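Everything on this sheet refers to the single structure shown next.
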Amino acid sequence: MKEFILSAVGRVIIFVVCYAVVFGLILGASALENPVIVMIVMIPLIIFGWRFINWITPSMFIWMSWTGWLIYFIIKLMVSVLLGAFIVPYHAAKYVLSIFDNA
């Protein structure tokens, strides 16, 4: 089993399963229409997306006004949720593969 999971096909299957699970959680939480559950699902997306955006954007917005900062953070929050939906499953798959790699 370990050899299959660490093969190229096994890695692809692990990544596909992680993406399916995360997107299923997102769709399931939004279908329940419970704001608490939606926030529980969205918090990891926001955190990983925000960290990714901080990694790729330079610190050059020091001169903006309060309105500019508010607009910047609202847009950054929306983009971080969108990017987090793709980054969280990737990190989850890397974590699962590292467990099998170290075992």
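Note that these values count all heavy atoms, side chains included, but never hydrogens, waters or copies made by symmetry. On a predicted model such as this, the values are computed, not experimentally measured, just so you know.
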Could you walk me through whether Phe23 and Phe86 pass ring pair (Phe, Tyr, Trp, His ring centres under 6.0 Å), step by step? CA-CA 9 Å; Phe23 284 119; Phe86 295 98; 5.6 Å; yes
Can you check whether Leu45 reaches Met42 side chain to side chain, under 4.5 Å on heavy atoms? yes
Closest heavy-atom contact between Val22 and Ala85? CG1-O, 4.3 Å
Mind checking the [atom1]-[atom2] spacing from [X] to [Y]? Nearest 0.5 Å is all I need.
X	Y	atom1	atom2	answer
Ile13	Ser7	CD1	OG	7.5 Å
Leu27	Leu32	CG	CG	11.0 Å
Lys94	Cys18	NZ	SG	12.5 Å

Donor-acceptor pair, side chain of Asn102 and main chain of Ser98, under 3.5 angstrom: yes
Applying a strict under-4.5 Å side-chain criterion to I, L, V, M, F, W and Y, I'd like to know whether [X] and [Y] cluster together.
X	Y	result
Tyr95	Ile43	no
Met78	Ile46	yes
Leu25	Met39	no
Ile71	Trp66	no
Tyr90	Phe100	yes

Stepwise side-chain contact (heavy atoms from CB on, under 4.5 Å) check, Arg11 with Ile5: CA-CA 6 Å; Arg11 288 180 184 269; Ile5 291 176; over 6 Å; no
Kindly determine whether Leu83 and Phe48 satisfy side-chain contact (heavy atoms from CB on, under 4.5 Å), including the steps that lead there. CA-CA 8 Å; Leu83 289 175; Phe48 279 91; over 6 Å; no
So among Ile47, Ile53, Asn54, which one has a side chain to side chain contact (heavy atoms under 4.5 Å, CB included) with Arg51? Ile47
Pick from Leu77, Ile75, Leu82: which one makes a side chain to side chain contact (heavy atoms under 4.5 Å, CB included) with Val79? Ile75
side-chain contact (heavy atoms from CB on, under 4.5 Å) evaluation trace for Ile74 with Leu70: CA-CA 6 Å; Ile74 290 172; Leu70 182 66; 4.0 Å; yes
